[in-house]
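Letters go in sequence order (proteins before strands), and every chain restarts at 1. None of these values were measured; they are calculated from a predicted model.
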Amino acid sequence: MPEVRTRFAPSPTGYLHIGGARTALFNWLFARHSDGKFILRIEDTDRVRSTKESIQAIFNGMEWLGLDWDEGPYFQTERFDIYREYIEKLIAKGKAYYCYCTPDELKEKRTLALAEGRKPKYDGKCRELGRPKSSDPHVIRFKTPMSGTNRVCDMIKGEVKFENSELDDLIIQRSDGYPTYNFAVVVDDITMGITHVIRGDDHLNNTPRQALLYEGLEYNCPRFAHVPLILGSDRTRLSKRHGATSVMAYKEAGYLPQALVNYLVRLGWSHGDQEVFSRDELTEKFSLDNVGKAAGLFNPKKLLWLNAHYIKEEKPENLSRLLIPFMEKRGCRVKDDETLQEITLLLRERSKTLAEMADSSEFFFKDEVEYDRKAAKKFLKPDVMDIFQTLIERFGNLQTFNQDTIETVFGEVSAEMDLKVVKIAQPVRVSLTGSTASPGIYEVVAILGKKKVIDRLRSAIVFIENRGTPSNC
RNA sequence: GGUCCCAUCGUCUAGUGGCCUAGGACAUCGGCCUCUCACGCCGAAAACACGGGUUCGAUUCCCGUUGGGACUACCA
């Protein structure tokens with residue numbers, strides 16, 4: 001068996017999007033599973049739409065997802081000599097020809113054909129003419145066989161048949177001398193020794209043209225595998241309309257790369273009933289045999305669930321490091337210390353994203369607690385001032401300020417005042433966090449520390465005292 | 001319009017002719033746990049698009065219908 005060689009070949013006309021990422025992932029997994037090579041090739045022959053920023057965005061996305069490549073990146077714009085060489089070969093063999101038809105002429109013919117209900121194929125005018133090369137503007141076209149059936153054996157779709165008569169003579173070199181997509185892809189895949197072309201379903205219709213090109217160039221076709229597309233919730237191609245489609249947007253929203261990888265791989269591929277896969281498990285178990293044929297709808301809720309899962313699984317020390325940029329974005333300057341790790345430990349059970357985790361840990365670091373209106377109205381009432389006062393005293397007297405001693409204080413106060421713990425915990429929670437929902441109150445008190453807790457309880461008392469006066473309402 | 005692809009719970013899927021009273025997961029709904037919120041646990045509801053064949057037997061194989069999608073450029 002020759003070595004497996006796969007490639008990911010994005011065009012740098014935007015960020016790395018969800019669909020592209022999955023294609024890259026499948027190629028990467030297939031190569032890693034087979035101990036083969038994964039190659040990155042940038043298809044930048046569209047000089048109007050290709051940008052440097054997009055190239056960088058693709059690199060960033062791949063790096064974040066952990067999709068490392070063994071060869072490349074190759075750039076098509078640096079390979080013109082190679083394409084020219086192959087075009088010359090085709091011309092020499094009489095398999096390609098110069099075409100001097102103008103874009104306007106072609107457009108006219110196309111509209112006419114459409115109006116008459118015919119197929120808008122190129123009519124082959126210059127194929128008959130056989131004009132030699134000249135300095136007049138021209139493209140180069142490939143002579144497509146007029147008849148015959150073309151069979152492509154796809155590893156996912158099975159055998160797909162196309163009639164050659166449906167195809168026309170495709171342009172392989174544009175008038176500006178640039179090769180076109182279908183031609184450059186074939187030459188690249190040949191010269192890079194690609195054995196498996198794994199790509200989106202949307203390329204299935206290109207495959208017969210490319211197969212013909214392989215034939216014309218006298219090379220064997222690689223194996224093809226057309227992966228079904230990812231659709232938005234309205235069942236059309238995933239696009240910006242459907243929300244975030246950029247891989248890096250998920251990083252910024254606080255997703256973990258392993259969650260996105262796990263989600264993407266399970267969308268279209270399965271291994272029995274298993275839902276969660278480590279990276280090692282994926283490279284071990286991935287196979288094209290278990291890739292489904294039908295398009296899949298992108299389901300943000302399931303991705304969110306997976307993200308929550310991976311957050312729960314992540315070590316507190318890693319989480320605290322990942323959390324810092326999110327805290328800074330919220331104006332909290334935090335150190336990656338033991339306290340932050342304790343906080344992430346509390347919050348990892350209750351956060352679906354790092355952004356959410358940052359939101360719910362803000363109160364630990366803010367100087368002033370901002371009370372949620374409803375929460376304050378319900379729990380910060382005159383009858384709790386007594387409780388707060390007692391707690392301030394008891395906490396003040398504690399030699400050891402930890403979860404156990406704090407819990408004991410709550411227990412004692414609840415017994416002495418004949419109040420259920422919840423009647424104490426909720427007002428305290430609001431006074432310390434501003435909200436009715438937070439991690440366990442003993443943990444929160446312990447992490448905040450004696451001074452902050454007492455300060456915040458005092459502020460709450462002041463808040464309650466001032467509430468009666470209209471100026472503070 | 002033409003070409004091609006596709007079709008199991010709302011969604012991702014298991015299922016490769018009898019193991020199917022169709023399994024799992026997300027989401028939804030109920031319950032338990034509990035200092036709140038989550039987490040976790042338990043449970044419920046929820047699908048083989050339709051019509052013909054083939055077969056002793058079809059979710060599974062074949063054909064058609066319907067529905068959805070992709071492509072249809074001197075873009076990739």
Side-chain angles (χ1 to χ4, degrees), chain A residues 9-13 43-46 48-50 76 99 101-103 106-107 110 114 117-121 137-141 152 154 156-158 160-163 166-168 170-182 184-185 200-208 226 228-229 231 233 235-237 263 266-276 290 292-306 308-309 312 346-352 356 360 375 379 407 410 414 420-426 428-430 433 435-442 444:
Chain A
S11 55
T13 54
E43 309 213 325
D44 54 351
T45 55
D46 182 344
V48 181
R49 296 196 302 149
S50 298
Q76 288 189 323
C99 172
C101 298
T102 65
L106 294 172
K107 199 177 169 189
R110 189 171 14 248
L114 246 21
R118 286 182 290 118
K119 255 186 108 62
K121 276 170 47 171
H138 64 270
V139 299
I140 298 174
R141 286 182 187 269
V152 176
D154 189 276
I156 292 169
K157 305 281 183 187
V160 184
K161 282 190 287 189
F162 296 88
E163 294 301 323
E166 293 291 333
L167 273 23
D168 61 2
L170 85 151
I171 295 172
I172 56 178
Q173 183 179 297
R174 305 200 296 242
S175 52
D176 62 4
Y178 273 45
T180 57
Y181 165 75
N182 277 304
V185 163
D201 220 346
D202 48 337
H203 289 286
L204 192 57
N205 284 303
N206 284 322
T207 311
H226 287 92
L229 254 27
L231 272 25
S233 48
R235 296 182 179 276
T236 62
R237 240 190 123 138
Y263 176 72
R266 267 297 275 108
L267 180 53
W269 172 83
S270 63
H271 188 265
D273 285 340
Q274 193 172 346
E275 294 288 347
V276 178
N290 305 311
K293 294 180 178 185
L297 269 55
F298 186 76
N299 182 350
K301 292 252 179 78
K302 187 155 185 182
L303 170 59
L304 198 60
W305 170 75
L306 272 165
H309 168 84
K312 282 200 263 298
L346 289 186
L347 256 21
R348 71 174 183 177
E349 301 288 323
R350 4 172 96 75
S351 309
K352 288 188 161 65
E356 210 181 294
S360 27
F379 292 105
E407 187 168 353
F410 270 83
S414 125
K420 282 186 178 170
V421 172
V422 65
K423 292 284 181 194
I424 304 172
Q426 280 306 77
V428 171
R429 191 186 312 281
V430 174
T433 72
S435 152
T436 52
S438 85
I441 195 66
Y442 313 132
V444 169

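- With hydrogens and angles ignored, a donor-acceptor pair under 3.5 angstrom links the side chain of A/R49 to the base of B/C75.
- When both pairing distances are held under 3.5 Å, B/C37 makes no Watson-Crick or G-U pair with any nucleotide shown.
- At a threshold of 4.0 angstrom between heavy atoms, the contacts of A/I441 include nucleobase atoms, whether or not backbone atoms are also involved.
- Across all strands shown, A/K420 has no heavy atoms under 4.0 Å from either base or sugar-phosphate atoms.
- Nucleic acid contact class of A/R110 (heavy atoms, under 4.0 Å, all strands): sugar-phosphate only.
- The backbone N or O of A/S414 lies less than 3.5 Å from no partner atom in the side chain of A/K420, so there is not a single donor-acceptor pair.
- Nucleotides B/U11 and B/G68, compared at atom P, are 14 Å apart to the nearest Å.
- Base pairing of B/C9: no nucleotide in any strand meets the Watson-Crick or G-U wobble criterion (both distances under 3.5 Å).
- Contact annotation: A/R350 does not reach the phosphate of B/U34 (side-chain N/O to OP1 or OP2, under 4.0 Å).
- Counting any heavy atom pair closer than 4.0 Å across all strands shown, A/G200 reaches no nucleic acid atom.
- B/U3 atom P lies 16 Å from atom CZ of A/R118, rounded to whole Å.
- Here B/C20 sits opposite no nucleotide as a Watson-Crick or G-U wobble pair (both hydrogen-bonding atom distances under 3.5 Å).
- Across all strands, A/R266 comes closer than 4.0 Å to base atoms (heavy-atom distances).
- Using P as the reference atom, B/C63 and B/C5 are 12 Å apart when rounded to the nearest Å.
- Mapping A/T102 and A/S351 onto RNA chain B via the closest heavy atom, the residue that lands nearer the 5' end is A/S351.
- Look at A/T13 and you won't find any side-chain N or O under 4.0 angstrom from OP1 or OP2 of B/C75.
- Using atom P as the reference point in both B/A22 and B/U28, the two lie 25 Å apart (nearest Å).
- Formation of a donor-acceptor pair under 3.5 Å by the A/R350 side chain with backbone atoms of A/L346 is found in this model.
- Comparing A/N206 and A/P439, the nucleotide of RNA chain B nearest to each residue sits closer to the 5' end for A/P439.
- Residue contacts for A/K312: at a heavy-atom cut-off of 4.0 Å it reaches the sugar-phosphate backbone alone, with no base atom in range.
- A/T207 comes within contact range of no nucleotide atom at all, as no heavy-atom separation falls under 4.0 Å.
- Spacing between atom CG of A/D201 and atom P of B/C6 amounts to 8 Å, rounded to whole angstrom units.
- A/H203 comes within 4.0 angstrom of a base, heavy atoms only.
- Within the 4.0 angstrom heavy-atom criterion, no nucleotide atom of any strand lies near A/Y178.
- With rounding to whole Å, A/D168 atom CG is found 18 Å from B/G2 atom P.
- Rounded to an integer number of Å, the gap from CG of A/N205 to P of B/C75 is 18 Å.
- Taking atom CG of residue A/L204 and atom C1' of nucleotide B/C5, one finds them 6 Å apart after rounding to whole Å.
- For the C1' atoms, the distance from B/A47 to B/G52 is 23 Å, rounded to whole Å.
- Counting all heavy atoms, side chain and backbone alike, A/Y263 lies closest to A/L303 at CB-CD1, 3.7 Å.
- Nucleic acid contact for A/G440: base, since at least one base atom lies under 4.0 Å from a heavy atom of the residue.
- Between A/K302 atom NZ and B/G24 atom P the separation is 13 Å, expressed in whole Å.
- To the nearest whole angstrom, the two C1' atoms, one in B/A73 and one in B/G15, are 43 Å apart.
- A/R348 contributes no side-chain N or O that, together with a main-chain N or O of A/S351, makes up a donor-acceptor pair within less than 3.5 Å.
- The base of B/G24 has none of its N or O atoms less than 3.5 Å from a complementary donor or acceptor on the side chain of A/Q274.
- Partner assigned to B/C71 is B/G2, using Watson-Crick or G-U wobble distances below 3.5 angstrom.
- Between the P atom of B/G24 and the CG atom of A/N299 lies a distance of 19 Å, rounded to the nearest Å.
- B/C19 and B/G23 have their C1' atoms separated by 12 Å, with the value rounded to a whole Å.
- Here the side chains of A/L170 and A/R141 are not in contact, with every heavy-atom distance at 4.5 Å or above.
- Heavy atoms from other residues, nucleotides or ligands lying under 6.0 Å from NZ of A/K423 number 12 at most.
- Side-chain atoms of A/E166 lie closest to B/G2 of the nucleotides B/G2, B/C35, B/C5.
- Spacing between B/G64 and B/G17 at atom P, rounded to whole Å, works out to 23 Å.
- OP1 or OP2 of B/C75 has at least one side-chain nitrogen or oxygen of A/R174 nearer than 4.0 Å.
- Remark: A/E349 does not engage A/K312 in a salt bridge, criterion side-chain N to carboxylate O under 4.0 Å.
- Atom pair A/W305:CH2 and B/C26:P shows a separation of 5 Å (rounding to whole Å applied).
- The side chain of A/E349 lies closest to B/C39 when the candidates are B/C39, B/G24, B/U36.
- Separating the C1' atom of B/A45 from that of B/C9 is a span of 10 Å, rounded to the nearest Å.
- For B/C71, the OP1/OP2 oxygens have a side-chain nitrogen or oxygen of A/R237 closer than 4.0 Å.
- At a cut-off of 3.5 Å, with distance as the only test, a side-chain donor of A/H226 or A/D154 sits close to an acceptor on the other residue.
- A close approach under 4.0 Å does occur between a side-chain nitrogen or oxygen of A/S270 and OP1 or OP2 of B/A14.
- In this structure, the nucleotide among B/G24, B/C12, B/C74 sitting nearest to the side chain of A/L267 is B/C12.
- Nearest nucleotide to the side chain of A/V160, out of B/C4, B/C37, B/A70: B/C4.
- With salt bridges taken as basic N to acidic carboxylate O contacts below 4.0 Å, none links A/K119 and A/D168.
- The partner of B/G43 is B/C29, by the rule that a Watson-Crick or G-U pair needs both atom distances under 3.5 Å.
- Of all nucleotides present, only B/G64 satisfies the Watson-Crick or G-U wobble test against B/C50, with each distance under 3.5 Å.
- Residue A/V139 is classed as a base contact, given a heavy-atom separation below 4.0 Å to a base.
- Contact detail for A/L204 and A/P208: the closest heavy-atom pair is O-CD, 3.4 Å.
- Contact annotation: A/K293 reaches the phosphate of B/C6 (side-chain N/O to OP1 or OP2, under 4.0 Å).
- Evaluation of atom-type donor-acceptor distances gives a pair under 3.5 Å for the side chain of A/R429 against the base of B/C35.
- Across B/C6, B/A14, B/A76, the shortest atom-to-atom separation from the side chain of A/D273 is found for B/A14.
- The base of B/C74 sits within donor-acceptor range of the side chain of A/S175, with an N or O pair under 3.5 Å.
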